[in-house]
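Positions are given from 1, in the same order as the sequence printed here.
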Amino acid sequence: MLTIINADLHNEQHAHDVLAMLNSYAQDPMGGGEALSDYCQKNLINELKNRNAVRVVLAYAGDQAAGLAICIEGFSTFACKPLLNIHDFAVHPDFRSQHIGVRMMEHITRLAVELGYCKITLEVLEGNLPARQLYLKQGFATYELDPAMGGAIMMQKKLN
């Protein structure tokens with residue numbers, strides 16, 4: 001039986017499962033291929049708890065954590081409304097191809113509508129074809145304002 005929940009980071013089991021799922025995702029080629037740092041593993045849950053704009057979703061297959069989404073509220077200046085950015089989205093390798101990602105996306109969409117967000121955003125690696133197909137089927141599209149200008153690209157500048 002699959003259950004999708006809004007995680008409570010004050011619940012020890014939820015906190016443990018979030019960290020375990022994120023560490024599994026980090027070690028996957030789509031997550032960078034390296035375990036979370038010791039610092040991150042020791043501090044992430046408390047840091048997430050300190051941020052009111054974080055929404056965490058867990059998927060459970062029976063009593064096993066099978067999926068994770070960490071979403072962070074942003075703000076659309078053009079819409080003058082909050083948006084929800086899916087910062088991390090992962091299904092554990094043991095549970096892939098079971099439509100867990102679809103169910104998680106449906107849950108996140110309902111949550112975003114209930115909370116009054118104007119849109120949901122996310123980033124995906126070009127080579128992550130299964131994830132891209134999932135997102136397209138869920139109604140996501142590349143971001144563009146004017147087709148003549150092309151789509152937006154994600155960029156980063158690491159500071160340390």
Review point. Can you list every pair that meets salt bridge (Lys or Arg N to Asp or Glu O under 4.0 Å) and has a residue in residues 58-71, with sequence neighbours left out?
Key: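 Applying salt bridge (Lys or Arg N to Asp or Glu O under 4.0 Å) to every pair that reaches into residues 58-71, excluding sequence neighbours, yields nothing.
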
**Study point:** Where at least one partner belongs to residues 78-91, residue pairs that pass salt bridge (Lys or Arg N to Asp or Glu O under 4.0 Å), sequence neighbours excluded
**Key:**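 Counting only pairs at least two positions apart or across chains, no salt bridge (Lys or Arg N to Asp or Glu O under 4.0 Å) contact touches residues 78-91.
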
Exercise for review: Check step by step if side-chain contact (heavy atoms from CB on, under 4.5 Å) holds for T3 and M1.
Suggested key: CA-CA 7 Å; T3 307; M1 182 169 103; 3.9 Å; yes

Point to revise | Pairs where residues 131-150 contributes a residue and the test side-chain hydrogen bond (donor to acceptor under 3.5 Å, both in side chains) is met, not counting sequence neighbours | key: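 The answer is none; no pair qualifies.
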
Check your understanding: Where do A90 and M104 come nearest, in terms of heavy atoms and distance?
Key ->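 Looking at all heavy atoms of both residues, the shortest contact is O-CE, 4.1 Å.
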
Point to revise | Nearest heavy-atom neighbours spanning I86 and F89 | key: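 So the minimum-distance heavy-atom pair works out to CG2-CB, 3.8 Å.
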
Would you kindly confirm whether [X] and [Y] end up in one hydrophobic cluster when ILVMFWY residues are joined by side chain heavy atoms under 4.5 Å apart?
X   : Y    : answer
I4  : V56  : no
I72 : L84  : no
L2  : L134 : yes

Show me the donor-acceptor pairs, under 3.5 Å and distance only, between side chains in residues 151-160 and residues at least two apart or in other chains.
none

Exercise for review: Could you tell me the separation between the CZ atom of F78 and the CG atom of L145, rounded to the nearest 0.5 Å?
Suggested key: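 Reported to 0.5 Å precision, the distance equals 6.0 Å.
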
Exercise for review: To the nearest 0.5 Å, tell me how far C71 SG sits from L83 CG.
Suggested key: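 If we round to the nearest 0.5 Å, C71:SG and L83:CG are 11.0 Å apart.
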
Point to revise | H14 side chain vs D8 backbone, donor-acceptor pair below 3.5 Å | key: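 Flag set: sc H14 to bb D8 pair under 3.5 Å.
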
Pairs under 3.5 angstrom only: tabulate donor-acceptor contacts from the side chains of residues 15-27 to other protein residues two or more places apart or in another chain.
| unit_1 | atom_1 | unit_2 | atom_2 | d |
| --- | --- | --- | --- | --- |
| D17 | OD1 | Q13 | NE2 | 3.0 |
| D17 | OD2 | Q13 | NE2 | 3.3 |
| D17 | OD2 | Y60 | OH | 2.5 |
| N23 | OD1 | L36 | N | 2.7 |
| Q27 | NE2 | N23 | O | 3.2 |

Atom pairs and distances, side-chain donor-acceptor, residues 105-131, under 3.5 Å, sequence neighbours left out:
| unit_1 | atom_1 | unit_2 | atom_2 | d |
| --- | --- | --- | --- | --- |
| H107 | NE2 | N6 | OD1 | 2.7 |
| T109 | OG1 | M105 | O | 2.9 |
| Y117 | OH | E73 | OE1 | 2.9 |
| T121 | OG1 | N85 | ND2 | 2.8 |
| E123 | OE2 | N85 | ND2 | 3.1 |
| N128 | OD1 | A131 | N | 3.3 |

Practice item. Tell me, please, which residues at least two apart from E47 pass salt bridge (charged side-chain N to carboxylate O under 4.0 Å, His left out). Key: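 If we apply the salt bridge (charged side-chain N to carboxylate O under 4.0 Å, His left out) test to E47, skipping adjacent residues, the hits are R51.
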
Going by atom type alone, with no hydrogens or angles, which donor-acceptor pairs under 3.5 Å involve a side-chain atom of residues 94-103 and a protein atom two or more places apart or on another chain?
| unit_1 | atom_1 | unit_2 | atom_2 | d |
| --- | --- | --- | --- | --- |
| R96 | NE | V91 | O | 2.9 |
| R96 | NH1 | D28 | OD2 | 3.4 |
| R96 | NH2 | D28 | OD2 | 3.3 |
| R96 | NH2 | V91 | O | 3.1 |

**Study point:** Residues forming a side-chain contact (heavy atoms from CB on, under 4.5 Å) with K49, sequence neighbours excluded
**Key:**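 Only L9, H10, I45, N46 meet the side-chain contact (heavy atoms from CB on, under 4.5 Å) criterion with K49.
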
Exercise for review: Could you go through the side-chain contact (heavy atoms from CB on, under 4.5 Å) check for V57 and L68 one step at a time?
Suggested key: CA-CA 6 Å; V57 172; L68 167 72; over 6 Å; no

**Study point:** Hydrophobic cluster partners of M149 (side-chain heavy atoms under 4.5 Å)
**Key:**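 Other cluster members: none.
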
Review point. Should side-chain heavy atoms under 4.5 Å link Ile, Leu, Val, Met, Phe, Trp and Tyr, which residues sit in the same cluster as F75?
Key: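 Result for F75 is none, singleton.
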
